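Take a look at the structure set out below.
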Amino acid sequence: LFYAGFAYIKAQEYPIADSMFAIYAEKFPNDIYGHYWRARANSYIDSTSELGLAVPHFQRFIELAEKDTAENRRTLIQAYGYLAAYSANVLKDSEAAVAYFDKILVLDPGNADAQRYKEILQKQLPQKNSGSNSGSKPSAGQYPGPYAGIPAPDLP
């Protein structure tokens, strides 16, 4: 199931890949890979993240993967990055986005992109809390960078 799903990812047949990884996640609910790759397939299907199709799958992946952050560091960083971008751009929730960037920085303290986006969002938080609506929400195009889309990682 995994290799078939991954082949469909590589072939850019994302709905079929999603179906394959849905079966995988159902058969192996405590294995991180079904949830992770299902999230990835859905992130390609919903490339603007407007529908949030990948969100529940990344959340389940994180729940499982955080049990071993050393082993899952790279994929956790990608998942946190996706959810940070989703929180900032779609939900307009700067606080949630900052929390995800903080999680990235715990795993990768030198991550310049996470630090930069966190600083941008933190500057908006006081404005939001002071009652001013002016500039309190990020624009959709403000956070491109490595977290807008998730590149396929190399398999071991």
Side-chain angles (χ1 to χ4, degrees), residues 1-118 120-122 137-138 140-156:
L1 285 172
F2 174 84
Y3 292 110
F6 189 74
Y8 283 114
I9 290 275
K10 287 297 205 183
Q12 299 180 356
E13 295 289 342
Y14 305 122
I16 299 171
D18 176 50
S19 296
M20 298 301 290
F21 288 116
I23 295 167
Y24 184 97
E26 184 179 315
K27 289 189 175 284
F28 307 102
N30 295 320
D31 185 278
I32 63 171
Y33 296 108
H35 304 288
Y36 175 75
W37 285 102
R38 188 155 192 217
R40 293 287 303 272
N42 279 279
S43 72
Y44 292 124
I45 293 168
D46 178 22
S47 62
T48 63
S49 303
E50 285 181 54
L51 303 174
L53 297 179
V55 171
H57 308 296
F58 273 127
Q59 289 171 332
R60 178 64 179 145
F61 162 75
I62 288 169
E63 181 183 319
L64 295 169
E66 283 181 334
K67 294 175 184 172
D68 188 351
T69 57
E71 176 70 24
N72 301 308
R73 179 181 172 272
R74 185 174 54 89
T75 50
L76 277 167
I77 289 170
Q78 291 176 343
Y80 294 148
Y82 180 90
L83 292 175
Y86 176 77
S87 297
N89 296 326
V90 177
L91 299 179
K92 308 298 185 203
D93 185 344
S94 297
E95 289 181 50
V98 166
Y100 284 116
F101 286 125
D102 282 339
K103 288 179 177 243
I104 291 171
L105 292 167
V106 166
L107 297 176
D108 182 7
N111 189 309
D113 290 321
Q115 187 61 46
R116 182 176 71 234
Y117 296 136
K118 176 184 171 182
I120 291 168
L121 291 166
Q122 283 179 319
K137 295 185 179 181
Q142 192 170 357
Y143 304 100
Y147 303 109
I150 302 173
D154 298 324
L155 286 179

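These numbers were taken from a predicted model, which means no experiment stands behind them.
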E50: what forms a salt bridge (Lys or Arg N to Asp or Glu O under 4.0 Å) with it, not counting sequence neighbours?
none

Check side chain to side chain contact (heavy atoms under 4.5 Å, CB included) between A99 and all other residues, then give those that pass, not counting sequence neighbours.
none

Just how far is it from atom CH2 of W37 to atom CZ of F2, taken to the nearest 0.5 Å?
6.0 Å

Extract all donor-acceptor atom pairs below 3.5 Å that involve side chains of residues 18-27 and protein atoms in other chains or at least two apart in sequence.
unit_1 : atom_1 : unit_2 : atom_2 : d
D18    : OD1    : R38    : NE     : 2.6
D18    : OD1    : N42    : ND2    : 2.8
S19    : OG     : P15    : O      : 3.2
Y24    : OH     : D31    : OD1    : 3.2

Separation between CD (E13) and CD1 (I45), nearest 0.5 Å, reads 10.5 Å

Which residues satisfy the ring-ring contact (aromatic ring centres under 6.0 Å, His included) test with Y14, sequence neighbours excluded?
Y44

Kindly compute the distance separating CD1 (I62) from OG1 (T69), expressed to the nearest 0.5 Å.
12.5 Å

Which heavy atom of A65 sits nearest to which heavy atom of N72, and what is that distance?
O-ND2, 3.1 Å

Looking at G52, is its backbone amide N or carbonyl O close enough to the side chain of D46 to form a donor-acceptor pair, meaning the two atoms are under 3.5 Å apart?
yes

Any chance you could measure L107, atom CG, to R74, atom CZ, to the nearest 0.5 Å?
13.0 Å

I'd like to check the salt bridge (Lys or Arg N to Asp or Glu O under 4.0 Å) partners of E66; sequence neighbours left out, ordered by chain and number.
K103

Using the side-chain hydrogen bond (donor to acceptor under 3.5 Å, both in side chains) criterion, which residues pair with Q115? Sequence neighbours excluded.
E119

Mind checking side chain to side chain contact (heavy atoms under 4.5 Å, CB included) for D108 and listing every partner two or more places apart, or none if nothing turns up?
R73, I77, N111

Of the non-hydrogen atoms in L64 and P29, which two are nearest, and what is the gap between them?
CD1-O, 3.6 Å

Looking at residues at least two apart in the chain, or sitting in another chain, which of them share a side chain to side chain contact (heavy atoms under 4.5 Å, CB included) with V90?
S49, Y86

So which atom in A84 and which in A97 form the shortest heavy-atom distance, rounded to 0.1 Å?
O-CB, 3.4 Å

Sorted by chain and number, sequence neighbours left out, side-chain hydrogen bond (donor to acceptor under 3.5 Å, both in side chains) with E71 holds for none

Exercise: identify the closest heavy-atom pair between S43 and Y82
CB-CE1, 3.8 Å

Enter the distance from D113:CG to L105:CG here, rounded to the nearest 0.5 Å.
10.5 Å

Residues at least two apart in sequence or cross-chain that pass side-chain hydrogen bond (donor to acceptor under 3.5 Å, both in side chains) with Q59, listed by chain then number, are none

Applying side-chain hydrogen bond (donor to acceptor under 3.5 Å, both in side chains), name anything that partners D102, two or more places apart in sequence or on another chain.
K118

Sorted by chain and number, sequence neighbours left out, ring-ring contact (aromatic ring centres under 6.0 Å, His included) with F61 holds for Y36

Hey, could you give me the CZ/CZ distance between F6 and R40, rounded to the nearest 0.5 Å?
8.0 Å

Please check: side-chain N/O of H57 versus main-chain N/O of G34, any donor-acceptor pairing under 3.5 Å?
no

